[in-house]
Amino acid sequence: ELDSLLEDFEEHYPAYHQLKYQNRQGILPLLAERQPSLITYFWGDQFVLVQGYEQGVLAQHIIPRAELDAGLKSVLQHIYSEGQNHNAFVANSHQLYEQLLGPILRAFGGVNRELIIIPDGELALLPFEILLTEAVIEPASDPSVLYKGLPYLMQSYEIQYAYSASLRFQDPLAERRKTGGLDQLLA
């Protein structure tokens, strides 16, 4: 039955079939040609799987959701609501950095300054740029500088987002170039 369905997809939806089923070589060969580091997340019921790839280094770790949920909720509430506690934001933002990015970026060695982040689940709501790369021991007490001098991730890394690694590195014009359709597209 499954074989029949796949044949039907291949016949009636060739572009979908190629994207979904024929790219079995994986994304790693494509990443070898690219400079940015890739960090992907899988949001599971009990765990979040974090995987990163940079110039031949593959790193991964698992975060129990119970350890992640409260800090993530606090940071998201701070971003999307008025009047949240600044000190809680500072503490939780650095904790999220350490959970979501710290182990992967340390495994990479800190050479590359470009990240492609592929979030999943509730992490898609989080602007990773605002995570704090260093612990702030004594947060500012002056309201005008509460956020100004914090060590945000965006100060150290150029960050891009993608829906999936396959789509991010797929060349949408490659098939048209092979068939000569690019001339018709540009004409």
Enquirer: In sequence, state the C-alpha distance, the side-chain angles, and the governing distance for Leu123 and Leu100, and then conclude on side-chain contact (heavy atoms from CB on, under 4.5 Å).
Expert: CA-CA 10 Å; Leu123 294 176; Leu100 297 171; 3.9 Å; yes

Enquirer: Do Ser81 side-chain atoms and Gln77 backbone N/O form a donor-acceptor pair below 3.5 Å?
Expert: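 Judged by distance alone, yes, a pair lies under 3.5 Å.
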
Enquirer: Report whether Leu101 and Leu49 are members of the same hydrophobic cluster (ILVMFWY, side-chain heavy atoms less than 4.5 Å apart, transitive linking).
Expert: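 Leu101 does not cluster with Leu49.
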
Enquirer: Give a yes or no on whether the backbone of Gln99 and the side-chain of His61 come within a donor-acceptor separation of less than 3.5 Å.
Expert: yes

Enquirer: With rounding to the nearest 0.5 Å, note down the distance linking CG in Leu153 to CD in Glu129.
Expert: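 Between Leu153 CG and Glu129 CD, I get 7.5 Å after rounding to 0.5 Å.
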
Enquirer: A quick test of your reading: do over 12 heavy atoms of other residues, nucleotides or ligands sit less than 6.0 Å from CD of Gln46?
Expert: no

Enquirer: Evaluate Tyr41 against Phe128 for ring-ring contact (aromatic ring centres under 6.0 Å, His included), listing each step before the verdict.
Expert: CA-CA 12 Å; Tyr41 298 89; Phe128 282 72; 5.5 Å; yes

Enquirer: Quick check: is Tyr53 connected to Ile62 through a chain of hydrophobic side chains (ILVMFWY, heavy atoms under 4.5 Å apart)?
Expert: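 No: no chain of side-chain contacts under 4.5 Å links Ile62 to Tyr53.
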
Enquirer: Quick check: does any side chain N or O of Ser93 sit under 3.5 Å from a backbone N or O of Leu132, one acting as donor and the other as acceptor?
Expert: yes

Enquirer: Which is it for Val50 and Gln60 under the side-chain contact (heavy atoms from CB on, under 4.5 Å) test, yes or no, and what are the steps along the way?
Expert: CA-CA 5 Å; Val50 184; Gln60 65 181 11; over 6 Å; no

Enquirer: Just how far is it from atom CD of Gln55 to atom OG of Ser37, taken to the nearest 0.5 Å?
Expert: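 It is 7.0 Å, given to the nearest 0.5 Å.
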
Enquirer: Under the criterion side-chain contact (heavy atoms from CB on, under 4.5 Å), I'd like the reasoning laid out for Phe89 against Leu150: C-alpha separation, chi angles, the key distance, then a yes or no.
Expert: CA-CA 11 Å; Phe89 167 78; Leu150 294 176; 4.3 Å; yes

Enquirer: Can you tell me how far CG of Leu131 sits from CG of Leu126, rounded to the nearest 0.5 angstrom?
Expert: 5.0 Å

Enquirer: Which value, rounded to the nearest 0.5 Å, describes the distance between Phe47 atom CZ and Glu67 atom CD?
Expert: 9.0 Å

Enquirer: I'd like to know whether Asn92 forms a side-chain contact (heavy atoms from CB on, under 4.5 Å) with Gln95, so could you lay out the CA-CA distance, the side-chain angles of the two residues, the decisive distance to 0.1 Å, and finally the verdict.
Expert: CA-CA 5 Å; Asn92 288 319; Gln95 178 184 0; 3.6 Å; yes

Enquirer: Between Pro119 and Ala162, what is the shortest heavy-atom contact and its length?
Expert: CD-O, 3.9 Å

Enquirer: If you take all heavy atoms of Ile130 and Tyr152, which pair is closest and at what distance?
Expert: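 Closest approach of Ile130 to Tyr152: O-CD2, 3.4 Å.
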
Enquirer: Checking the side chain of Gln51 only, and the main-chain atoms of Phe42 only, is there a donor and an acceptor separated by less than 3.5 Å?
Expert: no

Enquirer: Using a 3.5 Å distance criterion without hydrogens, assess whether the side chain of Asp120 forms a donor-acceptor pair with backbone atoms of Trp43.
Expert: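 Pair found, side chain donor or acceptor close to backbone of Trp43.
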
Enquirer: Going from CD on Glu122 to CG on Asp69, what distance comes out if it is rounded to the nearest 0.5 angstrom?
Expert: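 Spacing of CD (Glu122) from CG (Asp69) equals 6.5 Å.
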
Enquirer: Going from CG on Leu38 to CD on Gln160, what distance comes out if it is rounded to the nearest 0.5 angstrom?
Expert: 10.5 Å

Enquirer: Using a 3.5 Å distance criterion without hydrogens, assess whether the side chain of Arg65 forms a donor-acceptor pair with backbone atoms of Val48.
Expert: no

Enquirer: Spell out, as yes or no, whether a donor-acceptor pair under 3.5 Å connects the side chain of Thr40 to the backbone of Ile118.
Expert: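 Not at all, since once roles are kept as given, no pair shorter than 3.5 Å links the two residues.
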
Enquirer: Identify every side-chain donor-acceptor pair in residues 103-110 under 3.5 Å, counting partners at least two apart or on other chains, and give the distances.
Expert:
unit_1: Arg106; atom_1: NH1; unit_2: Glu98; atom_2: OE1; d: 3.1
unit_1: Arg106; atom_1: NH2; unit_2: Glu98; atom_2: OE1; d: 3.1

